[in-house]
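Structure, as structure tokens:
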Amino acid sequence: MKKNYRKRLFHATLLLVLAFSVVLCACSGSKEGGPGKGGKVEIQLWSSATGDGAKPIEAAIAKFNESQDDIVVKTLSNQDHQKQLTAISGGNAPDIIITQWNNIGPWSEAGAVKSLEEFIKRDGYDTGQIIPAALERMKVDDEIYGLPISMSMANKLFYNKEVFEEAGLTSPPETLEELFEYSKRLTKKDDKGNITQMGFIPDYPWIDNVFWPIIFNGSWVDESGKLTANQEANVNAIDYQMSYYKEFGQESIDKFKSGMGGLQTPQDPILTGKLAMIIGWENWYVDDRGEGKDVGVAPFPYPAANPELKGSGMVSPIAMFIPSKAKHQEEAWKVLQYLLSEDVQIQYSIDFGSIPVLTKALDNPKLTQNEETKVLWEYYESAKSPNLKGFPNSIYINEYLQTLNEETEKALKGQLTAQEAMDNVVNKMQPIADKYKK
């Protein structure tokens, strides 16, 4: 790993955080960091989850506490990323943090997250049991800094069944070319030429600069550290999205989007039928999809020329890690392993409505034959796909994603070609990436 720059990035940020942070209470079981009541070591787990979203991890930890006599884990929810950063950069870091995966890269390179490689090698922990795309998001320069506790996945196409039936469409599109043709058939205009219904909008509800390149088998960096945002697959992904704006008109689409309603609101365009198709995440429209429901589910289309890309999709896990200043790292490591045991992963998936990250859990009858999880059965199966990917974690991940978003938006608006936009990304970001090469 890099030695000289580990604490350079975020140095100023950490100083500011320390300067303005309030005095935090100790996060371990006693003021001296020793055993808690009954001789048990008391440790703290912080999570950014709130409300009902915090209950699954609290339930899992309660079972852990009951399962052994050595460790007591105290959970603290509603700890947002700023609170987490303040704690791990100060002197009272909790022992475990659960957070968004893209925090791992910048925080680890700031020296705030402990590498798990020593624990993994010492104990012979089998990381091969974890879904590869989820585990990859935990790595920075091929070193594991965290473990996923669950994951979300976008690899489906949701479609309004009634709108399809009205258009005489009996099945969802299989290829991207069919998706485009379907969209033309499903788009309607009034007598003034205003769009009143659209088949598909590639950047709704947001510009997705990760999902689309994955569908085209693109990438963002090679093994040597050279950024690859401007490779052919990534450019093709933007060109495909641009084809919708060329077909229906930038102003017409923008005008339609401004009045069609927001995602998961009473005017949700998928439910009202104003929009026929949308990229499908596993936790969207849960109550509206399935047999006898309004929303159909299908594999997301692939390029007709590349049938080997069937099953492609984007993975976004929730990460858990041990702060480098945690007082009880050995105990924390035991808790991380417990949370990745099969029974815990299965119950967490049921409680949280998420996809387990253990490959063997995907076939467990407690999930695949459980009516309570039926809405996720298709996702459990497709989570086995070797074509699942995600954005690479790095010290500069957030800046890279922001630059991709800005340049992609320019291309979609017709201000730049897709190639020009992605060349701009590489030109802007390569010098930054070069500073942090091994």
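Along the sequence shown, residues are numbered consecutively beginning with 1. FYI, side chains are in, hydrogens and waters are out, and symmetry mates aren't considered; it's all heavy atoms of this structure. This structure is a prediction, so every number in the text was calculated from the model and none was measured.
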Under 4.5 Å between any side-chain heavy atoms of Gln100 and His81, yes or no?
-> yes
Spatial distance of atom CD (Gln241) from atom CG (Asp203) [nearest 0.5 Å] | 6.5 Å
Give a yes or no on this: more than 12 heavy atoms of other residues, nucleotides or ligands lie within 6.0 Å of atom CD of Glu162.
-> no
Could you check Leu362 against Ile131 for side-chain contact (heavy atoms from CB on, under 4.5 Å), going step by step and ending with a plain yes or no?
-> CA-CA 10 Å; Leu362 299 172; Ile131 293 173; 3.9 Å; yes
Checking Gln267 side chain against Gly262 main chain: does a donor-acceptor pair fall under 3.5 Å?
-> no
Phe391 ring center within less than 6.0 Å of Tyr400 ring center = yes
Atom pair NZ (Lys274) and CD (Gln197), whose distance is rounded to the nearest 0.5 Å | 10.5 Å
So how far is it from Ser354 OG to Asn283 CG, rounded to the nearest 0.5 Å?
-> 9.0 Å
In chain order, what residues pass the side chain to side chain contact (heavy atoms under 4.5 Å, CB included) check against Gln347, with sequence neighbours excluded?
-> Lys63, Ile350, Asp351
Determine the minimum heavy-atom distance between Leu179 and Pro173, stating which atoms define it.
-> N-CB, 3.6 Å
Could you walk me through whether Arg289 and Asp294 pass salt bridge (charged side-chain N to carboxylate O under 4.0 Å, His left out), step by step?
-> CA-CA 6 Å; Arg289 66 183 199 246; Asp294 297 330; over 6 Å; no
Do Ser108 and Val140 come close enough that some side-chain heavy atom pair is under 4.5 Å?
-> yes
Val295 and Asn160, any side-chain heavy atoms less than 4.5 Å apart = no
Taking only residues two or more places apart in sequence or in another chain, which ones pass salt bridge (charged side-chain N to carboxylate O under 4.0 Å, His left out) with Glu409?
-> Lys413
How would you list all residue pairs meeting side-chain hydrogen bond (donor to acceptor under 3.5 Å, both in side chains) that involve residues 218-228, not counting sequence neighbours?
-> Ser219-Thr228, Ser219-Gln231, Asp222-Ser224, Thr228-Gln231
NZ of Lys246 to CG of Leu412: how many Å apart, nearest 0.5 Å?
-> 10.5 Å
Going through the checks in order, is the side-chain contact (heavy atoms from CB on, under 4.5 Å) test met by Lys156 and Glu378?
-> CA-CA 9 Å; Lys156 301 294 184 186; Glu378 292 176 277; 4.0 Å; yes
Are the side chain of Glu117 and the backbone N or O of Ile144 linked by a donor-acceptor pair below 3.5 Å?
-> yes
Is any side-chain heavy atom of Lys366 less than 4.5 Å from a side-chain heavy atom of Asp343?
-> yes
Check whether the ring centres of Tyr244 and Phe180 lie less than 6.0 Å apart, and answer yes or no.
-> yes
Pairwise distance CE(Met242) to CD(Gln250) - rounded to 0.5 angstrom = 9.5 Å
For Glu118, all residues meeting side chain to side chain donor-acceptor pair (under 3.5 Å), sequence neighbours excluded | none
Of all residues at least two apart in sequence or in a different chain, which pass the salt bridge (charged side-chain N to carboxylate O under 4.0 Å, His left out) check with Lys325?
-> none
How far apart are the closest heavy atoms of Leu186 and Ala276, and which atoms are they?
-> CD1-CB, 3.7 Å
Side-chain donor-acceptor pairs of residues 298-310 under 3.5 Å, sequence neighbours excluded:
from: Asn306; atom 1: ND2; to: Glu308; atom 2: OE2; distance (Å): 3.1

Is the Trp284 ring parallel, tilted or perpendicular to the Trp206 ring (thresholds 30°, 60°)?
-> perpendicular
Salt bridge (charged side-chain N to carboxylate O under 4.0 Å, His left out) involving Lys410 - partner list, sequence neighbours excluded | Glu407
Verdict with supporting geometry, Tyr145 and Met138, side-chain contact (heavy atoms from CB on, under 4.5 Å) = CA-CA 6 Å; Tyr145 280 88; Met138 305 295 110; over 6 Å; no
Contacts satisfying ring-ring contact (aromatic ring centres under 6.0 Å, His included) that involve residues 333-378 (not counting sequence neighbours) are Phe64-Tyr338, Phe119-Trp333, Tyr125-Trp333, Tyr348-Phe352
Which residue pairs pass the side-chain hydrogen bond (donor to acceptor under 3.5 Å, both in side chains) test when at least one of the two sits in residues 171-181, sequence neighbours left out?
-> Glu181-Lys184
Decide yes or no on side-chain hydrogen bond (donor to acceptor under 3.5 Å, both in side chains) for Asn398 and Gln402, but give the supporting numbers first.
-> CA-CA 6 Å; Asn398 294 325; Gln402 179 63 28; over 6 Å; no
Heavy-atom side-chain proximity of Ile201 to Tyr245 below 4.5 angstrom | yes
Can Tyr380 and Thr373 be said to form a side-chain contact (heavy atoms from CB on, under 4.5 Å), step by step?
-> CA-CA 10 Å; Tyr380 294 148; Thr373 63; 3.5 Å; yes
For this output row, return yes or no: ring centroids of Tyr240 and Trp212 closer than 6.0 angstrom.
-> yes
Between Ile195 and Lys188, is any pair of side-chain heavy atoms under 4.5 Å apart?
-> no
Under 4.5 Å between any side-chain heavy atoms of Leu76 and Pro94, yes or no?
-> no
Who pairs with Asp268 by salt bridge (charged side-chain N to carboxylate O under 4.0 Å, His left out), at least two apart in sequence or on another chain?
-> none
Results of side chain to side chain contact (heavy atoms under 4.5 Å, CB included) for Gln369 - residues two or more places apart only = Pro365
Please lay out, stage by stage, how Glu136 and Lys139 fare under the test salt bridge (charged side-chain N to carboxylate O under 4.0 Å, His left out).
-> CA-CA 5 Å; Glu136 282 297 314; Lys139 295 181 180 179; 2.9 Å; yes
Would you say the side chain of Met277 lies within less than 4.5 Å of the side chain of Tyr182, judging by non-hydrogen atoms?
-> yes
For Asn230, side chain to side chain contact (heavy atoms under 4.5 Å, CB included) partners two or more places apart | Gln419, Met422, Asp423, Val426
So how far is it from Leu135 CG to Leu147 CG, rounded to the nearest 0.5 Å?
-> 7.0 Å
